Amino acid sequence: MDERGIVLIGDVVDSRLDLAAASDWSRRLSAELTALAPDDQLAPFDFTQGDEVQGLVRWSADPFRFVLQGLLHDTAPRMRWVIVAGSIERGQGSATRRTGQAYVAARTLVGEAKQRHDALLAVSGGAAADVLLDDLAPVLAASLTAMTPRQRTIARLMLLEGCRQADVAARLGISRATVSVAYGRGRVRDASRLLAAVRRIFETGLAQAGGAA
């Protein structure tokens with residue numbers, strides 16, 4: 001019997017240029033994502049040898065939380081991500097050992113993201129919402145990947161952990177003014193607003209697709 005879930009796939013760009021480094025990164029990120037919010041996961045994150053991280057989260061989970069952990073990591077290689085909500089086959093083991101309609105759709109979407117040179121594509125299953133996501137999700141990823149390593153660190157603390165600028169300064173041991181400059185130059189506020197919009201649209205699409213199972 002099938003169930004609903006959200007499949008995430010993160011693919012390291014140009015991994016063939018250094019397969020060992022891509023594998024090491026994929027292994028590290030899989031462990032970090034599994035530890036991030038285990039109660040939201042239908043299966044632990046895992047990696048395929050070489051260049052891919054796969055996850056499977058609950059219909060009620062926020063998949064963008066996991067994607068941001070990868071995109072905003074200060075040492076992350078370039079990656080392309082896809083998020084697909086749909087039916088999956090019930091099973092056991094890590095995300096790489098599961099299957100179902102959403103997995104098939106996610107694999108197809110990875111190829112599309114590669115052809116389009118987009119770092120993030122998302123499909124909720126709601127037709128109207130997915131038209132908007134097709135335009136906005138790549139823009140969100142582009143805004144995040146354009147940040148410098150320091151700007152990504154600051155954005156991660158603020159967008160994922162809810163820190164204020166003063167909190168970030170204390171955590172990083174830098175001045176509040178330095179955080180403010182990086183925040184402005186990295187356009188973190190704009191990224192935050194775009195992230196909120198993409199999340200709302202995705203949630204609307206899930207409702208359009210039939211609501212939580």
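As the structure is a computational prediction, the values presented were derived from the model and not from experiment.
No side-chain N or O of S30 forms a donor-acceptor pair with one of D46 less than 3.5 Å apart. With no hydrogens or angles considered, no side-chain donor-acceptor pair links Q92 and R97 at under 3.5 Å.
A donor-acceptor pair under 3.5 Å is absent between the side-chain atoms of R58 and the main chain of L42, judged by distance alone. Proximity of a side-chain donor or acceptor of Q41 to a complementary backbone N or O of G55 within less than 3.5 Å is not detected. S26 places a side-chain N or O within donor-acceptor distance of the main-chain N or O of A22, the cut-off being under 3.5 Å. The backbone N or O of A119 sits nowhere less than 3.5 Å from a side-chain atom of R78 that would complete a donor-acceptor pair.
A chain of hydrophobic side-chain contacts below 4.5 Å, direct or via other Ile, Leu, Val, Met, Phe, Trp or Tyr residues, connects M147 to I174. Cluster membership for L160 and L194, using ILVMFWY side-chain heavy atoms within less than 4.5 angstrom, is shared. Linking Ile, Leu, Val, Met, Phe, Trp and Tyr residues whenever their side-chain heavy atoms come within less than 4.5 Å leaves L72 and V13 in two separate clusters.
With a 4.5 Å cut-off on side-chain heavy atoms, D40 and R65 count as touching. Proximity of L120 to I83: side-chain heavy atoms (C-beta onward) are separated by under 4.5 Å at one or more points. Contact check for D118 versus R80: no side-chain heavy atoms found under the 4.5 Å cut-off.
Contact check on R187 versus D190 returns a salt bridge, with a Lys/Arg side-chain nitrogen under 4.0 Å from an Asp/Glu carboxylate oxygen.
Atom CD in Q69 sits 6.0 Å away from atom CZ in R156 (nearest 0.5 Å). Summarising the geometry, atom CG belonging to D167 is positioned 9.5 Å from atom CG belonging to L157; distances are rounded to the nearest 0.5 Å. The line from SG of C163 to CD of Q165 is 11.5 Å long, rounded to the nearest 0.5 Å. Here the straight-line distance linking atom CG of L68 with atom CG of L140 works out to 6.5 Å at 0.5 Å rounding. To the nearest 0.5 Å, the span separating CD1 on I6 from CZ on F64 amounts to 8.5 Å. Note that CG of D11 and CD of Q54 are 10.0 Å apart. Values are rounded to the nearest 0.5 Å.
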Next item on the list: Show your reasoning for whether side chain to side chain contact (heavy atoms under 4.5 Å, CB included) applies to L121 and R116.
Entry: CA-CA 10 Å; L121 294 177; R116 290 170 48 173; 3.6 Å; yes
Notebook entry, point to check: Would H73 and R152 satisfy side chain to side chain contact (heavy atoms under 4.5 Å, CB included), going step by step from the backbone distance to the final call?
Noted result: CA-CA 7 Å; H73 204 290; R152 289 201 301 271; over 6 Å; no
Margin query: Determine whether T204 and Q208 satisfy the following criterion, side chain to side chain contact (heavy atoms under 4.5 Å, CB included), listing intermediate values before the conclusion.
Written below: CA-CA 6 Å; T204 299; Q208 292 171 348; 3.7 Å; yes
Note to self: Run I9 and E52 through side chain to side chain contact (heavy atoms under 4.5 Å, CB included) and show every step you take.
What the structure shows: CA-CA 7 Å; I9 298 180; E52 226 177 59; 3.6 Å; yes
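In terms of heavy atoms, P63 sits closest to L8 at O-CD2, 3.4 Å. Across every non-hydrogen atom of V7 and A106, the tightest pair is CG1-CB, 3.9 Å. The shortest heavy-atom contact between A113 and V82 is CB-CG1, 4.4 Å. Nearest heavy-atom pair across G93 and A43 is O-CB, 3.4 Å. Taking both residues in full, the closest heavy atoms of A85 and F202 are given as CB-CZ, 4.2 Å, listed atom of the first, atom of the second, then distance. Taking every heavy atom of both residues into account, G86 and W59 meet most closely at N-CZ3, 3.7 Å.
In the displayed structure, R150 atom CZ is contacted under 6.0 Å by at most 12 heavy atoms of other residues, nucleotides or ligands. R185 CZ: 12 or fewer foreign heavy atoms inside a 6.0 Å radius. The neighbour count for R199 CZ, taken as heavy atoms of other residues, nucleotides or ligands under 6.0 Å away, is above 12. Other residues, nucleotides and ligands contribute at most 12 non-hydrogen atoms within 6.0 Å of the CZ atom of R164.
Considering L56, V84, T96 as possible partners of Y103, the one that fulfils the side chain to side chain contact (heavy atoms under 4.5 Å, CB included) test is L56.
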